Amino acid sequence: MTSPEISRRQLLQSGAGLVFTLGVSSSGLVYAQDATKEAKKHGADSMPGGTVDNPLVFVSIAPSGQVTIVAHRAEMGTGVRTSLPMVVADEMEARWDRVKIEQAVADEARYGNQNVDGSRSMRHFLMPMRRVGAAARQMLEAAAAARWAVPVAQVKAVQHEVIHTASGKRLGFGELAADAAKQAVPMGDQLRLKKKADFRYIGKGKTPAVDLADIGQGKAVYGMDQHMPGMVYAVVARPAVLGARLRSFKGEKALQVAGVKKLLEIPAYKGAPAFQPLGGVAVVASNTWAAMQGRQALELDWDEGPHARYDSGEYRKLLEKAAASPGKLMRSNGDIEAVMKTAGDKNLVAADYYVPHLAHASMEPPAATALVAADKSRCEIWTSVQDPETCKKLVAGFLGMKPEQVTVNVLLLGGAFGRKSKPDFAVEAALIAQSMPGTPVKVVWTRDDDIQHDFYHAVAADRLEAVLDGKGMPLTWLHRSAAPTIASLFQEGAKGQSGMEMGMGAINMPYRIPNVRIETAEVEAHTRIGWFRSVYNIPHAFAAQCFIAELAHRAGKDHRQYALDLIGPARQLNPEKDLGDGWNYSESPTVYPYDTGRLRAVIEAATRGAGWGRKLTKGHGLGLAFCYSFMSYSAVVVEVAVDDKGEVKVVAVDTALDCGPQINPERIRAQMEGGVIMGLSLAMSSEITFEKGRVRQSNFHDYEVLRHAQQPGAIRTHLVGDSLEVPPGGVGEPPLPAVAPALANAVFAATGKRVRALPIRQLS
């Protein structure tokens, strides 16, 4: 199988296999430069399918007046199935209580890009959806003007009606629908977008999620809920070690389990893993319990291959050694070597940081239902998937079909965090269904399957060094990062972080430091490495933000003020020319500059909300961290209380975000709160370890997530900005990276003890 077209295709553009040169900016900054740069596209134009803004694709109006708006992107808790249709409804002057949302199937040729990875939904589709709504409104107005034989300037759409302002005559949307559909679609300068003051829903925070009632009442349909008449259920016995091949298996005992109907060998993947199934044996039964009991009865003989030697403890030593040694240059300005040679030991600060592998562990484990037609001419999939188009193409390839022969129905996702854009589970269902044409087959992953066969977040070791001047400010900044690359999914032998991965919080640091050097180590991957909520921002922010706190302490200065001094005055930086970041989350460096004024503002908002500088009782401490990611600016202040036994209790968290225009503030706050809980969970307890190539954790008893009693007493969210003068940023991922370092810094403030490795429970 060839690798499918993927959401983060810039990974391969900036990773192994393409030509790199060293570019030099006008400021003398040296940075990695893609030789294919002249053909580079930005934003939505760089994504498969691009954008579509045709109202005839997204909007339909029934004679009754009901407006149906297509949600073309998957809902996994971000609120996108509400927020984007809400934008359309606002611009077209539709009454929200008369709007119905219809989920699109996989069809990027019709709807534009449908991959919800990368916090891109509002970033890429705010303006297209505004244009869809405005065009629909103007087509309704034109139809009414024609009906009344009056100038279109005399009519106006107002809350599901079009009014003739001179006479007061009114026509409902339903009465005009047929005529409006025949009108020319206004484009370009013909479109009249609303002014911010005229918005009814956008920015108001009063539009509840369209799925909220169904979710609360247990009526919502997730991938795991799909049920069809005559359906059978399947689980798969997968290899415990990446790349293991099945020598043989005995299935007689499994077939004797009541309810087991069929065993099917799924071939091991070839080449790089990509999104291919791991292989193994599928057990098909009349119910999931029988399938699981049948799987337990299988006798399997594996050739485990070279990754059976993978031990995460030994790998940590390798990473830390690599991070302490010179690596591949990713950014350089000034002359760091010259300063280091003349610096005394008392002016040098160095620290090492470590973040382990992490599992996505979304609330709903992977599940997919597939039905191959009796004549094997078509396949239909029902699943919770973040990237339906890739799912469609991958399934088609495995079944020997054309993509148009495959339909992917997108159901609600019970969490995802990047896991469900990798549709190996849907391919498993399709392969089993192909062997049973005419019978719907649901593949179910248990929690153990989910934990032990994930696409794990990269383990990372980071080393930072700085030489301080007489005032305690850094003259140099050396950041070396060692972690396996996501490119290893798609290219065998790929090693070390790409420019895209290092562009997440390592290369693109905006501090006023004259001598900077950023390096990465080329280390091998021994398991499937996949994107995870906020991706490499997690280890890079943990290291850099803890290190800044250490520098402030070394200088004897207040951390908040030290950080603001390090950032310097408000200014706009070109990510490529000024910071050496040629990726910039795929966005244009001129449309999306790095605005240090916005970064300062979120730091000030979070610290103000937390009462920074107030006197704290013994054992309490405040910790600060901040991050720029996915075109948004975030800051977090954590207050902890540490008792005499060393138990850490999070008292409160203040989190601030500037994502540009705040389209649906209620959902932004929900994402911020969820990011805090997830960030605390990763910092305090979550860890995946390997021994003999096997994941040692299997469920929530040993892959721990935050328990209810551990949650903070208060989470206060401070939204900053909300200007249509800047383009929208991401919301789903930016809340996460600053949480762990803020917690670690708070622990130091409370106890004087540094946290340089996660999870915190590792430390005595």
Side-chain angles (χ1 to χ4, degrees), residues 538 541-542 544-553 557-564 599-627 633-658 669-686 705-720 734-763:
I538 293 172
F542 178 67
Q545 292 300 305
C546 287
F547 191 61
I548 290 172
E550 295 200 36
L551 295 182
H553 180 73
K557 296 183 178 181
D558 173 73
H559 181 194
R560 172 187 176 277
Q561 190 57 52
Y562 188 90
L564 293 174
L599 184 61
R600 292 178 64 95
V602 293
I603 294 171
E604 290 165 348
T607 52
R608 183 170 55 248
W612 187 269
R614 61 188 165 90
K615 187 176 181 180
L616 299 173
T617 58
K618 182 182 177 182
H620 283 240
L622 290 175
L624 165 68
F626 48 90
C627 186
Y633 304 81
S634 64
V636 175
V637 175
V638 173
E639 180 180 355
V640 300
V642 184
D643 64 20
D644 294 338
K645 297 179 181 179
E647 183 177 347
V648 178
K649 173 66 177 176
V650 179
V651 177
V653 179
D654 283 83
T655 179
L657 180 75
D658 181 349
R669 292 178 184 278
Q671 288 297 291
M672 297 293 284
E673 292 165 0
V676 167
I677 297 299
M678 187 173 184
L680 293 175
S681 192
L682 302 183
M684 298 178 74
S685 57
S686 297
V705 297
L706 203 69
R707 277 20 180 194
H708 182 74
Q710 297 173 298
Q711 295 188 41
I715 300 175
R716 296 181 287 263
T717 299
H718 311 280
L719 300 182
V720 179
L736 188 62
V739 177
L743 176 64
N745 293 335
V747 169
F748 176 79
T751 65
K753 183 175 183 178
R754 287 289 174 202
V755 174
R756 292 187 178 132
L758 298 179
I760 290 176
R761 62 174 170 78
Q762 287 182 314
L763 304 178

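Since we're looking at a predicted model, the values are computed, not measured.
At most 12 heavy atoms of other shown residues, nucleotides or ligands fall within 6.0 angstrom of atom NE2 in H553.
In this structure, CE on M672 lies 11.0 Å from CG on L736, to the nearest 0.5 angstrom. Note that the NZ atom of K618 and the CG atom of D644 stand 6.5 Å from one another [nearest 0.5 Å]. Separating the OG1 atom in T607 from the CG atom in D558 is a distance of 9.0 Å, to the nearest 0.5 Å. For the atom pair CZ (R608) and CD1 (I603), the distance works out to 12.0 Å, reported to the nearest 0.5 Å. From L616, atom CG reaches atom CD of E639 across 5.5 Å, with rounding to the nearest 0.5 Å.
Between the side chain of K649 and the backbone N or O of Q711, at least one donor-acceptor pair lies under 3.5 Å. With hydrogens and angles disregarded, a donor-acceptor distance shorter than 3.5 Å links the side chain of R707 to the backbone of V705. A distance-only check finds a donor-acceptor pair linking the side chain of Q545 to the backbone of F626 [under 3.5 Å]. The main-chain N or O of A610 is never found under 3.5 Å from a side-chain atom of R716 such that the two would form a donor-acceptor pair.
Among the candidates L682, L706, V739, the single residue satisfying the side chain to side chain contact (heavy atoms under 4.5 Å, CB included) test with I677 is L706.
Residues A683 and A740 approach most closely at CB-CB, 3.7 Å, considering heavy atoms. In plain terms, the two heavy atoms of A738 and A625 that are nearest each other are O-CB, 3.3 Å. The two atoms that bring P759 and S685 nearest to each other are CB-N, 3.6 Å, heavy atoms only. Minimum interatomic distance between G621 and A750 (heavy atoms only, all atoms of both residues): N-CB, 3.7 Å. The two residues V640 and A746 come nearest to each other via the heavy atoms CG2-O, 3.5 Å. For the pair T717 and R669, the tightest heavy-atom approach, listed with the atom from each and the gap, is O-NH1, 3.2 Å.
At a threshold of 4.5 Å between non-hydrogen side-chain atoms, the residues L564 and E604 count as touching. Taking the side chain as every heavy atom from C-beta outward, L624 and N745 never approach each other to under 4.5 Å. A 4.5 Å side-chain heavy-atom check between H559 and I548 finds at least one atom pair inside the cut-off.
The closest side-chain donor-acceptor pair between D654 and W612, if any, does not fall under 3.5 angstrom.
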request  = Just do the side chain to side chain contact (heavy atoms under 4.5 Å, CB included) check on H718 and V602 with the steps written out, would you?
outcome  = CA-CA 8 Å; H718 311 280; V602 293; over 6 Å; no

query = Going through the checks in order, is the side chain to side chain contact (heavy atoms under 4.5 Å, CB included) test met by M684 and V650?
reply = CA-CA 10 Å; M684 298 178 74; V650 179; 4.2 Å; yes

Working for side chain to side chain contact (heavy atoms under 4.5 Å, CB included), residues V637 and R560 = CA-CA 10 Å; V637 175; R560 172 187 176 277; over 6 Å; no

request  = With side chain to side chain contact (heavy atoms under 4.5 Å, CB included) as the test, would you mind laying out the steps for R614 and L622 before giving the verdict?
outcome  = CA-CA 10 Å; R614 61 188 165 90; L622 290 175; 4.1 Å; yes

